[in-house]
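Residues: numbered from 1 along the sequence shown.
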Amino acid sequence: MLGLALVCVLLVVGTYWLLNWKGRQMLLHAEQQIAREGETLDFKSLLPEPPPDSENLGGLPVFKNITLPGAEGDGVRERLAGFEIAAKTGDEKPRPTTNPWASLSSPVNLARTAEWLRAGGKVRMRDATGNDADDIFTALSAQDSLVQEMMSGVDRPHAMWVPSLKTRELPDMMFALEVPHYKHIQEMTNYLALRAVAALQAGHARAGYEAILLQLRLAQATEKEGWSSEHWLQ
């Protein structure tokens, strides 16, 4: 019985070693073939180099370290929490959309949005004045200082969130990669979309232009993360 058990153990160990050896040979062969074809398995080598902070919208103090998980990035993201406009009110009533103005070429009726915000949309609204667009824009103007802080770098030639994937320490399994900044970028985009519509309807053309420009630069910074299909094709 002892001899039989020993043989079984040796068979298991031998099979395990053989499979590992075979796997290493297959991986080595694949790496050599990829190298001959001028390709690489080094993910980071395919990512763009981050620009200097002085030339990068994402290098502004209001954005810098937004990509870092944990305490290092929490402080940055907490400052941006003022841009949050809840998706639903307390009674689970969804936020009215601001998209139709672009797709239908017609102004958004902001009366529903103003009513929704007063019902608990995380924005402090003044009493109705009969000008819903101006009421909403005035409420959103509470974040003017942060908006202007962002606008101070909007003309910089580059837009990329930092630290970038190129310079961050990445997990062994990319499925475990944390991207805590995406939620806040989405919230900022929702805020800026509503701010742009309200500003333009209320006659604040400059503020509307700034909100639209910031949305475009935020989209550019996110695209530069390296997930873009165009980047991989290049």
Side-chain angles (χ1 to χ4, degrees), residues 42-85 87 97-99 101-103 137 140-171 174 177-200 204-234:
D42 181 7
F43 172 72
K44 284 194 172 184
S45 69
L46 301 175
L47 297 175
E49 291 286 347
D53 285 349
S54 60
E55 300 177 9
N56 181 20
L57 175 69
L60 289 172
V62 69
F63 291 134
K64 192 171 183 181
N65 292 339
I66 191 176
T67 64
L68 293 178
E72 288 183 279
D74 284 346
V76 178
R77 291 186 289 270
E78 285 171 8
R79 281 198 71 201
L80 299 174
F83 289 101
E84 182 176 350
I85 301 176
T97 181
T98 54
N99 293 333
W101 76 278
S103 58
F137 178 72
L140 298 182
S141 294
Q143 301 304 326
D144 276 359
S145 60
L146 272 180
V147 170
Q148 293 311 310
E149 192 173 339
M150 296 175 189
M151 285 299 299
S152 69
V154 78
D155 291 328
R156 292 182 178 184
H158 302 284
M160 181 186 293
W161 304 124
V162 291
S164 68
L165 292 176
K166 183 85 170 183
T167 56
R168 281 177 57 187
E169 182 178 348
L170 302 181
M174 288 300 292
L177 177 67
E178 294 185 59
V179 284
H181 55 303
Y182 281 174
K183 173 182 180 296
H184 295 271
I185 294 164
Q186 181 63 53
E187 290 293 347
M188 282 190 286
T189 301
N190 290 335
Y191 165 90
L192 291 169
L194 181 56
R195 181 183 174 98
V197 172
L200 292 173
H204 304 289
R206 179 69 186 184
Y209 162 77
E210 290 178 347
I212 294 171
L213 181 58
L214 278 173
Q215 287 182 81
L216 293 174
R217 297 308 306 274
L218 296 185
Q220 182 185 12
T222 304
E223 187 272 339
K224 289 294 183 181
E225 294 263 53
W227 303 111
S228 160
S229 57
E230 292 181 4
H231 174 75
W232 293 116
L233 290 174
Q234 291 171 0

* Asked: Applying ring pair (Phe, Tyr, Trp, His ring centres under 6.0 Å), which residue pairs with at least one partner in residues 50-85 are found, sequence neighbours left out?
  -> Phe63-Trp161, Phe83-Tyr191
* Structure fact -> What one should report as the nearest heavy-atom pair of Met150 and Leu80 is CE-CD2, 3.7 Å
* Asked: So Leu57 and Met160, side chain to side chain contact (heavy atoms under 4.5 Å, CB included) or not? Walk me through it.
  -> CA-CA 7 Å; Leu57 175 69; Met160 181 186 293; over 6 Å; no
* To do: Give the minimum heavy-atom separation between Lys224 and Ala159, together with the two atoms involved.
  => CG-O, 3.5 Å
* Can you name the nearest heavy-atom pair linking Ala196 to Gly208, along with the distance? -> CB-O, 4.0 Å
* Asked: Sequence neighbours excluded, which residues qualify as ring pair (Phe, Tyr, Trp, His ring centres under 6.0 Å) partners of His204?
  -> Phe137
* Contact list for residues 157-170, test salt bridge (Lys or Arg N to Asp or Glu O under 4.0 Å), sequence neighbours left out -> Glu49-Lys166
* Asked: Would you find a donor on one side and an acceptor on the other, under 3.5 Å apart, between the side chain of Thr222 and the backbone of Leu218?
  -> yes
Can you give the donor-acceptor pairs under 3.5 Å from side chains of residues 209-217 to other protein atoms, not counting sequence neighbours?
| residue | atom | partner | partner atom | Å |
| --- | --- | --- | --- | --- |
| Glu210 | OE1 | Gln148 | NE2 | 3.1 |
| Glu210 | OE2 | Arg206 | NE | 3.3 |
| Arg217 | NE | Gln220 | OE1 | 2.7 |
| Arg217 | NH1 | Val154 | O | 2.3 |
| Arg217 | NH1 | Arg156 | O | 3.1 |
| Arg217 | NH2 | Arg156 | O | 3.1 |
| Arg217 | NH2 | His158 | O | 3.2 |
| Arg217 | NH2 | Gln220 | OE1 | 3.4 |

* To do: Of all the heavy-atom pairs spanning Thr167 and Pro50, show the shortest one and how long it is.
  => CG2-CG, 3.8 Å
* Asked: Mind checking what makes side-chain hydrogen bond (donor to acceptor under 3.5 Å, both in side chains) contact with Glu55, not counting sequence neighbours?
  -> none
* To do: Just grab all the side-chain hydrogen bond (donor to acceptor under 3.5 Å, both in side chains) pairs involving residues 61-83, residues at least two apart or on different chains.
  => Asp53-Lys64, Asp74-Arg77, Arg79-Glu149
* To do: State which residues pass side-chain contact (heavy atoms from CB on, under 4.5 Å) with Gln186; sequence neighbours excluded, sorted by chain then number.
  => Asn190
* Indicate yes or no: at least one non-hydrogen side-chain atom of Leu140 is less than 4.5 angstrom from one of Ile85. => yes
* Donor-acceptor contact present, side-chain Asn56 to main-chain Pro51, <3.5 Å -> no
